[in-house]
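We name chains A, B, ... by the order of the sequence lines, and we start the count at 1 in each one.
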Amino acid sequence: MRGMQLSLNKTQKLRLERALEQLESLSSKSNSDASVTIADNISVNCEDAILKGHGTTELDGHVVATLCGVVERVNKLVYVRALRARYKPEIGDIIVGRVIEVAPKRWRLEINFSQDAVLMLSSMNLPDGIQRRRTAIDELNMRSIFEENDVICAEVRGFQHDGCLHLQARSQKYGKLERGQLLTITPYLVKKRKQHFHYLEQYGIDLILGCNGYVWVGEHVEVKDPMLVEDQLNKSEQPIADSENSMSSADEVDTCTPLETRQNICRTANAIRVLSTLGFVVTVEVILAVVNLSMSLSLDIHEMLGPEFYVLVAEKEAERRSSLGKKR
Amino acid sequence: MEYVSPEGLRLDGRRPTEMRQLRAEVGVVAKADGSASFEMGNTKVIAAVYGPREVQNKGQQMDDQALVRCEYSMANFSTGDRMRKPKGDRRSTEISLVIRQTMEACILTHLMPRSQIDIFVQVLQADGGTRSACINAATLALADAGIPMRDLVTSCSAGYLNNIPLLDLNYVEDSAGGPDVTVGILPKLDKVTLLQMDAKLPIDIFENVMQLAIEGCKAVANYIREILLENTKKLEFCRGV
């Protein structure tokens with residue numbers, strides 16, 4: 001297993017192997033036939049009308065793979081889905097990134113892509129929330145919004161003509177992420193779903209599964225709806241309300257995250273680490289199942305990264321998938 | 001000195017056309033995008049690939065293709081006597097260049113413009129054929145990182161001692177002073193990307209030795225393909241649907 005520097009004793013090794021064999025038998029036969037390596041021939045039925053997609057090339061009239069992965073066919077399109085590649089952005093994806101540079105009128109973010117992504121100043125809400133043209137003063141105050149090494153959540157807006165990726169963070173749910181942990185997992189373990197922001201109420205934590213493989217686990221932050229705030233305040237009361245807001249934010253900074261929330265954050269983060277090392281898909285249900293498993297066994301948080309828990313999670317996952325298979 | 005006994009056995013008990021034992025493992029460096037370790041007999045090599053990622057040096061950025069960088073280094077403890085200077089000496093620079101050119105020939109760099117691919121190869125134990133082991137390890141690491149390639153690149157060396165072509169020389173046979181031919185091929189396309197030789201050989205014998213090395217490359221290619229296929233299948237069924 002990648003990244004697993006654990007020494008399993010003999011029984012643990014046997015149990016892990018058995019669990020993996022069970023997973024292997026559960027995976028559909030067609031999937032195993034579709035795995036290819038580089039320069040393998042891909043069998044196509046009607047050679048003329050096939051569209052050759054990503055990861056394929058033509059050689060002597062045969063379609064040949066250029067990546068190691070699984071062959072996917074959609075109508076006439078044949079492509080190879082690589083497993084451990086870098087993130088491939090699509091418009092509308094929710095991603096989590098880290099600021100590496102503050103440049104003129106933009107921030108450069110590191111996401112798990114072949115180039116750095118760019119977040120323009122104009123694609124970011126100003127702190128006072130007013131929609132207006134960004135002036136030179138805004139540009140000089142960019143550092144007060146985001147600095148280097150800040151973790152930001154944003155959405156992919158599109159590509160420029162030179163292949164550069166542009167992001168936007170115009171909604172309240174995007175922006176700087178504080179009080180939490182950032183985890184890196186391989187992007188293929190995060191499936192594209194409708195919801196990437198999850199609020200785990202029983203633990204009081206926020207979970208953001210970025211499509212680029214960066215996962216944020218942090219203390220829950222209430223998303224204030226700006227529309228409601230504006231309706232409630234009169235124009236004359238606005239200066240007083242602003243000063244009240246600034247005082248409450250200063251208070252927030254001083255209050256610490258409670259110990260139990262921090263423990264829950266660590267527990268969830270360790271659950272994600274275990275799942276990514278074993279190579280299982282990371283979804284909210286699976287994460288919650290692993291956290292519940294660790295709590296039911298009343299394991300200490302650091303024991304979750306031990307060999308016994310790895311083997312237990314593998315066995316649990318094998319059970320879960322076989323029960324899913326029986327339901328169908 | 002006799003490198004092939006009258007019965008036809010070499011110093012380590014192999015036949016002249018027999019390769020050393022191959023062992024490969026994918027995913028040994030957790031932080032790297034792709035990594036592999038490759039062993040040919042006693043020669044052990046680790047390769048790590050980072051990329052495609054943002055170019056560190058903007059002056060070298062190419063608008064239409066990816067920049068491939070390679071660094072070869074030998075660990076201090078890899079040879080019999082502790083090495084003084086693991087990187088930066090002439091041999092390491094030459095081998096880095098050779099590996100870079102070999103891999104660049106098969107990576108589809110035009111698919112990743114404005115980015116950089118770093119290949120780091122480190123020799124942990126040197127017993128002859130380090131160049132070939134490095135190229136094989138780099139191929140595995142690049143495939144593991146999901147970088148599109150035209151074909152696998154495999155490499156093997158062959159020599160000519162006691163008037164017999166020998167496949168896959170180890171350190172003792174290499175330091176005998178005879179010719180040492182290193183060949184790197186693209187097995188499916190049947191093209192040669194690397195051909196190096198020390199010492200001299202008559203042209204007809206050279207053809208035989210080169211052919212033997214190409215056979216060795218093809219055997220390595222089969223082994224590498226098996227390893228990659230097994231790894232892909234394992235990742236896929238672990239991931240599930």
Side-chain angles (χ1 to χ4, degrees), chain A residues 1-5 20-21 23-28 31-41 54-57 59-60 64-70 80-86 100 108 110 112-116 162-164 184 186 188-189 191 277-281 314 317 320-321 324, chain B residues 25-35 49-55 61 63-64 66 106-108 111-117 139-153 186-189 221 224-241:
Chain A
M1 285 296 160
R2 196 172 297 263
M4 194 145 98
Q5 265 103 35
L20 290 176
E21 271 166 37
L23 286 171
E24 191 176 350
S25 60
L26 284 169
S27 71
S28 52
N31 255 357
S32 65
D33 287 338
S35 301
V36 287
T37 35
I38 297 178
D40 272 352
N41 266 343
H54 286 297
T56 62
T57 184
L59 177 68
D60 292 338
V64 147
T66 57
L67 292 167
C68 282
V70 176
V80 178
R81 176 169 52 88
L83 288 169
R84 289 203 64 245
R86 288 224 156 191
I100 46 175
R108 278 200 196 280
E110 194 235 322
N112 197 9
F113 181 47
S114 59
Q115 291 166 289
D116 294 331
D162 55 2
C164 191
T184 38
T186 34
Y188 80 98
L189 294 176
K191 293 225 161 139
T277 313
L278 286 166
F280 301 148
V281 172
E317 178 72 14
R320 191 187 72 91
R321 285 204 208 152
L324 269 178
Chain B
E25 206 181 312
V26 179
V28 290
V29 179
K31 282 283 179 193
D33 289 316
S35 59
V49 166
Y50 292 87
R53 54 179 181 179
E54 183 80 17
V55 183
Q61 193 177 22
D63 287 341
D64 56 342
C106 77
I107 299 177
L108 296 170
L111 292 176
M112 299 162 287
R114 289 189 181 78
S115 62
Q116 169 179 308
I117 299 173
T139 302
L140 272 170
L142 284 167
D144 184 38
I147 293 179
M149 295 205 280
R150 220 163 262 132
D151 193 0
L152 299 170
V153 188
L186 304 173
K188 180 86 180 246
L189 303 173
I224 286 184
R225 186 163 282 129
E226 267 175 40
I227 295 279
L228 284 175
L229 203 57
E230 195 186 305
N231 188 46
T232 309
K233 284 192 183 159
K234 186 167 181 197
L235 285 177
E236 184 59 22
F237 76 72
C238 271
R239 174 184 181 255
V241 176

Practice problem: Please round to the nearest 0.5 Å and tell me the distance separating atom CZ of A/R81 and atom OG1 of B/T232. | Solution: 11.0 Å
Quiz item: Taking every heavy-atom pair that is under 4.5 Å apart, which of B/L142, B/L189, B/L186, B/D151 has the most such pairs with chain A?
Solution: B/D151
Quiz prompt | Part of A/V80 lying under 4.5 Å from any heavy atom of chain B | solution = neither
Self-check item: Engaged part of B/I224 at the chain A interface, taking heavy atoms whose separation is under 4.5 Å
Solution: neither
Quiz item: Could you give the distance from CD (A/E110) to CZ (B/R53), rounded to the nearest 0.5 Å?
Solution: 9.5 Å
Exercise. Check each atom of B/M112 against the heavy atoms of chain A and say whether the ones under 4.5 Å are side chain, backbone, both or neither.
Key: neither
Self-check item: Nearest-0.5 Å distance, CG of residue B/D33 to CZ of residue A/R84
Solution: 7.5 Å
Quiz item: Quick one: what part of B/A143 sits under 4.5 Å from any heavy atom of chain A, side chain, backbone, both or neither?
Solution: both
Self-check item: Test item: B/C238 and A/L278 side chains (from C-beta on) under 4.5 Å apart, heavy atoms
Solution: no
Quiz item: With respect to chain B, which residue among A/D162, A/L59, A/L23 yields the maximal number of heavy-atom pairs within a distance under 4.5 Å?
Solution: A/D162
Quiz item: Is any side-chain heavy atom of B/R239 less than 4.5 Å from a side-chain heavy atom of A/Y188?
Solution: yes
Quiz item: Do you know which of A/T66, A/T57, A/L67 makes side-chain contact (heavy atoms from CB on, under 4.5 Å) with B/L108?
Solution: A/T66
Quiz item: Under a 4.5 Å heavy-atom cut-off, does chain A meet the side chain of B/P148, its backbone, both or neither?
Solution: both
Exercise. To the nearest 0.5 angstrom, please state how far the CE atom of B/M149 sits from the SG atom of A/C68.
Key: 7.5 Å
